[in-house]
Amino acid sequence: MSPENNTSAKICPTCGTRLSENASRCLVCGRTFTVPSATKKARAVRSQRLPDITLSLPLALGLLFIVLAVGGGIIFLILRGTGQVAPPEATATASPSPTFEQSATPTITSTPEPTYTPLPPVEYQIRENDTCGGIAVFYGVTVKSIADLNDLPPDCGFLTVGQSILVPQQTPTASPMPTITLSVGEATESACQKIEYRVGENDTLSGIAANYAVSVETLKTYNGLTSNSIFEGQIVIVPLCERLPTSGPTPTPTLPPPYPPSNLLLPADGSVFPGNNDSITLQWAAIGGLLENELYAVTIEDLTEGQGKKLVDYTNDTKYNIPVSFRPAENTPHVIRWWVQPVRQAGTTDDGDAIWVPAGAQSNPRVFSWAGINVIATTSP
């Protein structure tokens, strides 16, 4: 057998003998060979081909960012549900608005004056022989204020024993503000002595100026007047420091300094008088020696009657008898208020009546209760 024809023989692994390709047993060593059966060639399975997707780089980065954001949101929601992450505070993003610088304007602040809250009314239970007039005198108020507070008639009507009424209390007067350092002009103004003159029926501004030796313009300046017109009862401030110089004798004598207020003596504040008193005597302490043209002005007014009943009289004595004509005509007691003030005669009217001007301070007023005719005396609370 030629070597060219044995190229396809197989070699025995045991003894190395060359055998034919289809030999099943070695003839030298006797080893048998297993002839492999023909294997069926496996058929390749062809799978379905997926479509090709082509993405650009920006789009791929955008999708990646979206996936990361969604994943981060899911993780945040899970952690928030477990309480490990607090919810973020809502913040509003506003576009920056233009700002303008504003110059600071000085603010003038004034110190408020002291005020007082009105005191609450006092509840009072009516006792035997009590009247509104006596209660008003005791608490220092008017009968009208008690009637208005309790929806009663102006004279308080008929009060029953055991009845409860409300009595208003007097509101305290605000204390003056502390004084400050005055300028030169203000100090000069405060040092100027002034008196208050009440205009009479036939008074004129020029006549008042002549009586006190001041100019008409000075009176208009100090009283804020724009004309020479004045009316009866008006208060005119007369600055004595603005007197005009005179070359000859002074037409009017030099006025003494204002008198202090008088101290009222009788009747005691809050006294009650029955209707059988035809007259009541008022007494006060003298303030010193009055001049020949000076008197005491006694003012008496009926508070229960209102503003329609008032008496002003003049005397050089320190007592005054109220005329019986001033006694209340009703059975209801009336509250009477009175005070005294020194006055000085400044001239006479065309009818010859004296013109009186204040010469000192007014006394502190007092009140008393005066019942009408045939009224039993009552006691104050």
Side-chain angles (χ1 to χ4, degrees), residues 122 124 126-127 129-150 152-159 165 167-171 173 198 233 261-285 287 295-315 317-343 356 358 361-381:
V122 178
Y124 178 78
I126 302 301
R127 304 173 186 174
N129 297 327
D130 276 346
T131 62
C132 272
I135 298 173
V137 171
F138 182 80
Y139 285 98
V141 295
T142 62
V143 176
K144 186 176 183 301
S145 63
I146 298 178
D148 293 343
L149 185 59
N150 296 275
L152 298 174
D155 58 352
C156 275
F158 180 73
L159 301 178
I165 62 173
V167 181
Q169 297 190 61
Q170 294 181 346
T171 303
T173 305
R198 185 181 296 274
S262 300
N263 293 325
L264 304 185
L265 302 178
L266 294 175
D269 197 15
S271 299
V272 178
F273 294 94
N276 53 9
N277 283 55
D278 293 339
S279 178
I280 298 176
T281 301
L282 308 177
Q283 296 184 17
W284 58 92
I287 57 175
L295 295 175
Y296 293 104
V298 184
T299 304
I300 309 168
E301 59 179 351
D302 190 336
L303 298 180
T304 306
E305 192 75 17
Q307 299 180 355
K309 195 171 184 180
K310 185 176 182 180
L311 172 65
V312 180
D313 205 351
Y314 304 91
T315 179
D317 200 354
T318 56
K319 64 181 179 179
Y320 180 80
N321 294 325
I322 302 179
V324 68
S325 59
F326 200 81
R327 181 177 57 184
E330 304 173 359
N331 293 336
T332 304
H334 285 206
V335 177
I336 311 298
R337 180 169 59 186
W338 67 285
W339 66 88
V340 175
Q341 184 177 13
V343 293
W356 301 101
Q362 175 184 308
S363 65
N364 293 326
R366 282 190 177 184
V367 294
F368 60 88
S369 177
W370 196 3
I373 304 174
N374 299 326
V375 176
I376 302 176
T378 59
T379 58
S380 61

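Please read these numbers as outputs of a predicted model, since none were measured by experiment.
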Trainee: Do you see a donor-acceptor pair shorter than 3.5 Å between the side chains of D130 and Y124?
Mentor: yes
Trainee: What are the two closest non-hydrogen atoms of I165 and I126, and how far apart are they?
Mentor: CD1-CD1, 3.8 Å
Trainee: Run the side-chain contact (heavy atoms from CB on, under 4.5 Å) test on W370 and H334 for me, step by step, so that the C-alpha distance in whole Å, both residues' side-chain angles and the decisive distance to 0.1 Å come before the verdict.
Mentor: CA-CA 5 Å; W370 196 3; H334 285 206; 5.6 Å; no
Trainee: Can you measure from CZ (F326) to NZ (K309) and round to the nearest 0.5 angstrom?
Mentor: 5.5 Å
Trainee: Could you state the interatomic distance from CD (E301) to CZ (R337), rounded to the nearest 0.5 Å?
Mentor: 4.0 Å
Trainee: So how far is it from C132 SG to I146 CD1, rounded to the nearest 0.5 Å?
Mentor: 5.5 Å
Trainee: Please report the closest heavy-atom contact between F368 and P267, naming both atoms and the distance.
Mentor: CD2-CG, 4.0 Å
Trainee: If you take all heavy atoms of T142 and A136, which pair is closest and at what distance?
Mentor: C-CB, 3.9 Å
Trainee: Among I280, L282, T281, which residue satisfies the side chain to side chain contact (heavy atoms under 4.5 Å, CB included) criterion with N321?
Mentor: T281
Trainee: Could you work out, with salt bridge (charged side-chain N to carboxylate O under 4.0 Å, His left out) as the rule, every residue matching R198, not counting sequence neighbours?
Mentor: none
Trainee: Less than 4.5 Å apart, side chain to side chain, heavy atoms only: is that true for V340 and L264?
Mentor: yes
Trainee: Write down the atom of I322, the atom of I300, and the distance for their closest heavy-atom approach.
Mentor: CG1-CD1, 3.7 Å
Trainee: Nearest 0.5 Å please: distance from the OG1 atom of T318 over to the CG atom of N263.
Mentor: 12.0 Å
Trainee: Please report the shortest heavy-atom distance between P342 and A361, naming the atom on each side.
Mentor: CD-O, 3.5 Å
Trainee: For P168 versus V141, what's the shortest heavy-atom pair and its separation?
Mentor: O-CG1, 3.3 Å
Trainee: Test side-chain contact (heavy atoms from CB on, under 4.5 Å) on T315 and L295 and set out the steps.
Mentor: CA-CA 6 Å; T315 179; L295 295 175; over 6 Å; no
Trainee: Partners of S325 by side chain to side chain donor-acceptor pair (under 3.5 Å), sequence neighbours excluded?
Mentor: none
Trainee: Within this structure, what is the OH-OG distance for the pair Y296 and S363, rounded to the nearest 0.5 Å?
Mentor: 11.0 Å
Trainee: For R366 and G270, indicate whether the former's side chain and the latter's backbone hold a donor-acceptor pair under 3.5 Å.
Mentor: no
Trainee: Do Y320 and W284 have their ring centres less than 6.0 Å from each other?
Mentor: no
Trainee: In terms of the angle between their ring planes, are Y314 and W356 parallel, tilted or perpendicular, with boundaries placed at 30° and 60°?
Mentor: parallel
Trainee: Working to the nearest 0.5 angstrom, can you tell me the gap between I336 CD1 and R327 CZ?
Mentor: 12.0 Å
Trainee: Can you tell me if CG on N364 sees more than 12 non-hydrogen neighbours from other groups inside 6.0 Å?
Mentor: no
Trainee: Going by salt bridge (charged side-chain N to carboxylate O under 4.0 Å, His left out), name the residues that satisfy it together with D313, two or more places apart in sequence or in a different chain.
Mentor: none
Trainee: Please check: side-chain N/O of D302 versus main-chain N/O of T304, any donor-acceptor pairing under 3.5 Å?
Mentor: yes
Trainee: Quick one, Q169 and V122 - any side-chain contact, counting heavy atoms below 4.5 Å?
Mentor: yes
